[in-house]
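Structure record follows, encoded as structure tokens.
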Amino acid sequence: MSGDIDVEVGTSAEELGQQFVEAWEAAERGEVREPRRVLVFHDFETLLSVLSATRLRLLKHLAREPAPSIRALAGSVGRDYRRVHEDVTALVEAGLIEQHGLRLSVAARSVQARLDLSGEPA
């Protein structure tokens with residue numbers, strides 16, 4: 001577990017491109033910046049499909065107590081193995097859970113979210 005993960009919802013491709021250009025230009029000037037880990041979702045509905053309340057509970061549980069396996073995690077949270085496996089797979093693919101062999105842990109100590117309410121298409 002290290003650092004933070006920023007979650008952005010509704011961020012436009014143009015804005016992401018601008019952030020990339022700014023980072024590139026800073027690097028060319030020799031400026032050292034902390035790398036950012038960012039998950040970007042097109043809209044709030046997509047965010048909720050990946051980061052449901054049930055999956056948030058799994059993340060909080062793993063933050064307190066890493067699990068030696070998915071089966072052990074399912075047992076410790078009192079849920080069906082198959083459902084926990086589906087949730088863990090989605091969270092690993094999103095970069096929120098790290099899996100080393102069978103062992104599971106959260107990928108970051110905190111997740112910070114930003115929601116663009118402008119209504120502009122992403």
Side-chain angles (χ1 to χ4, degrees):
M1 171 175 38
S2 64
D4 301 323
I5 295 176
D6 293 330
V7 174
E8 296 186 6
V9 180
T11 303
S12 70
E14 182 178 299
E15 186 177 345
L16 291 172
Q18 183 60 39
Q19 290 174 14
F20 175 81
V21 168
E22 289 170 6
W24 185 278
E25 290 171 349
E28 284 183 330
R29 291 189 302 270
E31 296 175 18
V32 178
R33 291 186 177 179
E34 261 320 289
R36 285 180 63 211
R37 295 170 61 193
V38 181
L39 290 176
V40 178
F41 293 95
H42 175 71
D43 55 32
F44 193 65
E45 291 76 17
T46 307
L47 167 72
L48 290 179
S49 74
V50 173
L51 204 54
S52 66
T54 302
R55 290 177 179 168
L56 278 173
R57 284 191 294 275
L58 280 181
L59 287 172
K60 289 178 180 180
H61 181 84
L62 285 172
R64 289 187 309 271
E65 181 182 332
S69 67
I70 295 174
R71 188 166 304 285
L73 176 61
S76 66
V77 297
R79 291 184 51 213
D80 176 69
Y81 169 82
R82 187 171 64 87
R83 297 289 184 208
V84 172
H85 186 278
E86 290 170 358
D87 290 342
V88 166
T89 299
L91 293 168
V92 167
E93 288 174 0
L96 294 167
I97 289 180
E98 292 179 344
Q99 190 168 14
H100 302 283
L102 295 176
R103 186 166 180 74
L104 305 168
S105 61
V106 291
R109 65 178 171 261
S110 72
V111 175
Q112 301 174 28
R114 184 177 76 86
L115 176 61
D116 182 353
L117 298 175
S118 70
E120 298 292 321

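Only this structure's heavy atoms are used, side chains among them; waters, hydrogens and symmetry mates stay out.
Annotation for E28: atom CD counts as buried by contact number, over 12 foreign heavy atoms lying within 6.0 Å. Atom CZ of F44 has 12 or fewer neighbouring heavy atoms from other residues, nucleotides or ligands inside a 6.0 Å radius.
Expressed to the nearest 0.5 Å, how far CZ of R29 lies from CH2 of W24 amounts to 13.5 Å. For the atom pair CZ (R83) and OG1 (T54), the distance works out to 10.5 Å, reported to the nearest 0.5 Å. One finds the CG atom of L62 at 5.0 Å from the CG atom of L73 (value rounded to the nearest 0.5 Å). Atoms NE2 and OG, from H85 and S69 in turn, are 10.5 Å apart once rounded to the nearest 0.5 Å. To the nearest 0.5 Å, atom OG1 of residue T89 and atom CD of residue Q99 are 7.5 Å apart. Atom CG of residue D87 and atom CG of residue D80 lie 10.5 Å apart, to the nearest 0.5 angstrom.
The closest donor-acceptor contact from the side chain of R55 to the backbone of V50 lies under 3.5 Å. R37 contributes a side-chain N or O that, together with a main-chain N or O of A107, makes up a donor-acceptor pair within less than 3.5 Å.
A 4.5 Å side-chain heavy-atom check between L91 and L51 finds at least one atom pair inside the cut-off. Looking at heavy atoms from C-beta onward, E65 lies in side-chain contact with H61 at the 4.5 angstrom threshold.
Under the 4.5 Å side-chain contact rule for hydrophobic residues, V92 and L102 do not share a cluster.
The two residues V7 and L47 make their nearest non-hydrogen contact at CG1-CD1, 3.8 Å. Contact between R103 and P66 at its shortest, heavy atoms only, is NH2-CB, 3.5 Å. Considering every non-hydrogen atom in both I97 and L104, the closest pair reads CG2-CD2, 4.2 Å.
Side-chain polar atoms of Q18 and E14 form no donor-acceptor pair below 3.5 angstrom.
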